[in-house]
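Along the sequence shown, residues are numbered consecutively beginning with 1.
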Amino acid sequence: MALIQWGVDCYTGLPEVDRQHQELYALVNRLDAAKAGRGEMLERVLNELGDYVRDHFALEEKLMRDAGVDAAHQDEHLAAHAVFVERLGEFRRHSVAGSDAAADEVLAFLTAWLKQHIQWADRKMAMEIHKRMGTEAPHNMFAHF
C-alpha cells in the first residue's frame with residue numbers, strides 16, 4: 001500500500017505541475033519502500049528526490065514569473081521551497097540509512113509537507129496563474145481559498 005497518494009485534492013489544473021506532483025508522490029513511496037532495504041537504495045532514492053524537487057521548484061517558479069504573479073506571493077512561495085530544500089539537505093547530509101527512526105522522520109516530514117504545500121500553496125499559486133493567464137481554473141477544486 002502506498003504511503004502517500006495523489007488525488008483530486010492535489011489537482012492544480014496546470015498539467016506539467018500535476019504530472020510532476022504525481023512523480024513526487026511516487027518518489028516518496030519509493031523512498032518508503034527503500035527504507036526496508038536501507039543502505040545505498042535509500043540514499044539513492046533520497047538523492048533522486050532532491051534532484052527532482054530542484055527541477056520541480058524551478059518549473060513552479062518560472063510559471064509564476066511568466067504569469068506575472070505578484071512579488072509577495074512569489075516570495076512566500078519561494079521561501080517555502082527554500083525551507084523544504086534545506087530540510088531535505090539536512091536529511092541527505094545525515095545518513096538516514098542506519099536508522100529506522102531517522103528514515104521515519106524523513107518520510108513523515110515529506111508526506112506532511114508535500115500534502116500541505118500542494119493542497120494550499122500550489123493550488124493557490126495555480127489559481128493565481130490561471131487568473132493572470134486568462135485560462136479556465138478548475139474553480140471547484142479551489143473552494144477552500
Checklist entry - Is there side-chain contact between Lys131 and Glu128, with at least one heavy-atom pair below 4.5 Å? => result yes

Next on the checklist: Within the 3.5 Å criterion, strictly below it, is a donor on Glu16 or His56 matched to an acceptor on the partner's side chain?
Outcome noted: no

Item to check | Short side-chain to backbone donor-acceptor contact, Asp9 and Gln119, under 3.5 Å | outcome: no

Item to check | Flag side-chain contact, heavy atom, 4.5 Å: Tyr25 against Lys115 | outcome: yes

Checklist entry - Where is the tightest heavy-atom contact between Leu31 and Leu46, given as atom of each residue plus distance? => result CD1-N, 3.9 Å

Checklist entry - Any side-chain heavy-atom pair from Leu24 and Leu110 closer than 4.5 angstrom? => result no

Next on the checklist: Parallel, tilted or perpendicular, judged at 30° and 60°: which one describes the rings of Trp6 and Tyr11?
Outcome noted: perpendicular

Next on the checklist: So, taking the atom named CG in Leu49 and the one named OH in Tyr52, what distance separates them when rounded to the nearest 0.5 Å?
Outcome noted: 10.5 Å

Next on the checklist: If we ignore hydrogens and angles and just use 3.5 Å, is the side chain of Gln74 paired with the main-chain N or O of Val69 as donor and acceptor?
Outcome noted: yes

Next on the checklist: To the nearest 0.5 Å, what is the distance between CD on Glu60 and CG on Asp55?
Outcome noted: 12.0 Å

Item to check | Side-chain donor/acceptor of Arg132 to backbone N/O of Ala67, under 3.5 Å | outcome: no

Item to check | Within one Ile-Leu-Val-Met-Phe-Trp-Tyr cluster: Leu27 and Val85, side-chain cutoff 4.5 Å | outcome: yes

Checklist entry - In terms of side-chain geometry, is the basic nitrogen of Glu105 or Arg87 positioned less than 4.0 Å from the acidic oxygen of its partner? => result yes

Checklist outcome for this item: Value for CD1 (Ile129) from CZ (Arg65), rounded to nearest 0.5 Å, stands at 11.0 Å

Checklist entry - Would the number of heavy atoms belonging to other residues, nucleotides or ligands and lying under 6.0 Å from CD of Glu76 be above 12? => result no

Checklist entry - Counting N and O atoms only, with roles assigned by atom type, does the side chain of Asn29 sit under 3.5 Å from a partner on the main chain of Ile4, one being a donor and the other an acceptor? => result yes

Item to check | same_hphob_cluster(Leu63, Leu78) at 4.5 Å side-chain heavy-atom cutoff | outcome: yes

Checklist entry - Can you tell me how far CG of Asp70 sits from CE of Met64, rounded to the nearest 0.5 angstrom? => result 10.0 Å

Checklist outcome for this item: ring pair (Phe, Tyr, Trp, His ring centres under 6.0 Å) filter on His117, not counting sequence neighbours, yields His77, His81, Trp113

Next on the checklist: Working to the nearest 0.5 angstrom, can you tell me the gap between Arg19 CZ and Leu59 CG?
Outcome noted: 9.0 Å

Checklist entry - Roughly how far, to the nearest 0.5 Å, is CG of Leu14 from NE2 of His21? => result 9.0 Å

Item to check | Criterion side-chain hydrogen bond (donor to acceptor under 3.5 Å, both in side chains) on Thr12 and Asp122, from CA distance to verdict | outcome: CA-CA 7 Å; Thr12 68; Asp122 284 351; over 6 Å; no

Checklist entry - At their closest point, which heavy atom of Ala34 faces which heavy atom of Val45, and how far apart are they? => result CB-CG2, 4.2 Å

